[in-house]
Amino acid sequence: MSDGTGFWEEMTTPPPDTADVEGVELRRGSRVRLNPRSGGDVFDVALSGRLAVVETVEQDQDGTLQVAVTLLDDPGRDLGEARFPGHRFFFGLDEVEPIAGAVEPTATSRRVLVAGIGNVFLGDDGFGVAVAHRLAERPFPPGVHVADFGIRGMDLAFTLQEGYDAVILVDAAPRGEAPGTLSVIDASTDPGGEPVIESHGMDPVRVLAFARSLGGAIPPTLVVACEPSTVMTGASDEDIVGELSAPVEAAIPQAMALVESLVNDLLAQNRETKGGEPR
């Protein structure tokens, strides 16, 4: 009679980090479109066609793989990452479709992180999140990862330890310019002492300082900053505004083009450094 050792070994064996779908390697951070099987429940109907981000690859006791995902446009994505019901969903590999730009980088690809940050409930502070959501639907070369970090500063700090060659943060930052004005700031040169960028809910400079304290090297980091029309603190109910002001909303297409240009420049720098060959 079996002593059950094999069962417990299977239960304690960690699932794989990746799963292959249509020849594309999905892992944490990969973007997919949800295509639930027909005949599902009301959640399947509501989620059909939505864009989502893979959080983990899971494996049941029969060895069947599935992915746990959070919705790309869910303001409560951090709750999904904390495994709260209603913000985290499970789908079989035949129910997800890798979208353009979701191809994972090879070992020789230059890796660039584009991170939208901000609080979507504080008016113009949600600028970075709005830009990230729209960029997520654009095709990017392998190795370029677009993500909405919202106000999850610690999550961003740990992600900066994952070996990216360069980082572009997108945020609202008051710098005394006309509302909607875009600026590009080199955050890599700031030592992490006096903040040069202020952001409600997440201060990029402090996030970088915390990331440095973890001991890893911080990649070159640029901030695409937009001058807000209003700055809200969330201290009162009047500060809870889920819409961008007109000039900040109008700056989104220009910000998207600016981010894409910066990404192309970063990739071109890599090609020039390596004599036209990816490293």
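Just so it is clear, the model here is predicted, and its values are computed rather than measured.
- Other residues, nucleotides and ligands place no more than 12 heavy atoms under 6.0 Å from the CD atom of Q254.
- Residues L34 and L71 are in side-chain contact: their nearest non-hydrogen atoms beyond the backbone lie under 4.5 Å apart.
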Going through the checks in order, is the side chain to side chain contact (heavy atoms under 4.5 Å, CB included) test met by V53 and V69? CA-CA 5 Å; V53 179; V69 304; over 6 Å; no
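- Counting only heavy atoms from C-beta outward, the side chains of E58 and F90 approach each other to under 4.5 Å.
- Listed by chain and residue number, nothing satisfies the side chain to side chain donor-acceptor pair (under 3.5 Å) test with S229 (two or more places apart in sequence, or in another chain).
- You'll find the side chain of L156 reaches within 4.5 Å of the side chain of I117, heavy atoms only.
- When side chains are defined from C-beta on, L47 counts as touching F89, because their heavy atoms get closer than 4.5 Å.
- At distances below 3.5 Å, not a single donor-acceptor pair connects side-chain atoms of D171 with backbone N or O atoms of A173.
- The two residues P98 and E22 have their closest heavy-atom pair at CD-OE1, 4.0 Å.
- For the pair V32 and L51, the minimum side-chain heavy-atom distance is 4.5 Å or more.
- In this structure, the separation between CD on Q66 and OG1 on T56 is 8.5 Å, given to the nearest 0.5 Å.
- The closest side-chain heavy-atom distance from V57 to T18 is not below 4.5 Å.
- For the atom pair L169 CG and L113 CG, the distance stands at 7.5 Å (nearest 0.5 Å).
- Salt bridge status for E55 with R28: present, with a side-chain N to carboxylate O gap under 4.0 Å.
- Among all heavy-atom pairs drawn from A132 and A147, the shortest one is CB-O, 3.8 Å.
- The shortest heavy-atom contact between A251 and L182 is O-CD1, 4.1 Å.
- Residues F149 and T159 have side chains in contact (heavy-atom distance under 4.5 Å, counting atoms from C-beta outward).
- Annotation for V223 and A187: closest pair CG2-CB, 3.9 Å, computed over non-hydrogen atoms.
- For the residue pair S48 and R33, no side-chain donor N or O sits within less than 3.5 Å of a side-chain acceptor on the partner.
- Distance check, rounded to the nearest 0.5 Å: CD1 of I252 to CG of L244 gives 5.0 Å.
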Residue pair E260, L135: steps toward the side chain to side chain contact (heavy atoms under 4.5 Å, CB included) verdict: CA-CA 9 Å; E260 291 174 327; L135 284 174; 4.2 Å; yes
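- Nearest approach of N119 to D125, heavy atoms of both residues: N-OD2, 2.8 Å.
- In this structure the side chain of V96 never reaches within 4.5 angstrom of the side chain of N35, judged on heavy atoms.
- Under a 3.5 Å cut-off, the side chain of E227 and the backbone N or O of T181 do not form any donor-acceptor pair.
- Heavy-atom minimum distance, V112 versus Y164: C-CD2, 3.7 Å.
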What's the verdict on side chain to side chain contact (heavy atoms under 4.5 Å, CB included) for V263 and V114, showing C-alpha distance, side-chain angles and the deciding distance? CA-CA 9 Å; V263 168; V114 178; 4.0 Å; yes
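- For E249, the side chain to side chain donor-acceptor pair (under 3.5 Å) partners are R134, not counting sequence neighbours.
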Using the side chain to side chain contact (heavy atoms under 4.5 Å, CB included) rule, take H145 and R111 through it: C-alpha gap first, then chi angles, then the decisive distance, then the call. CA-CA 8 Å; H145 178 207; R111 301 181 67 222; over 6 Å; no
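- Considering I185, V259, L262 as possible partners of L222, the one that fulfils the side-chain contact (heavy atoms from CB on, under 4.5 Å) test is L262.
- Of the inter-residue distances, the one linking S183 atom OG with E177 atom CD reads 5.5 Å to the nearest 0.5 angstrom.
- Judged by distance alone, the side chain of T221 and the main-chain N or O of P219 form a donor-acceptor pair under 3.5 Å.
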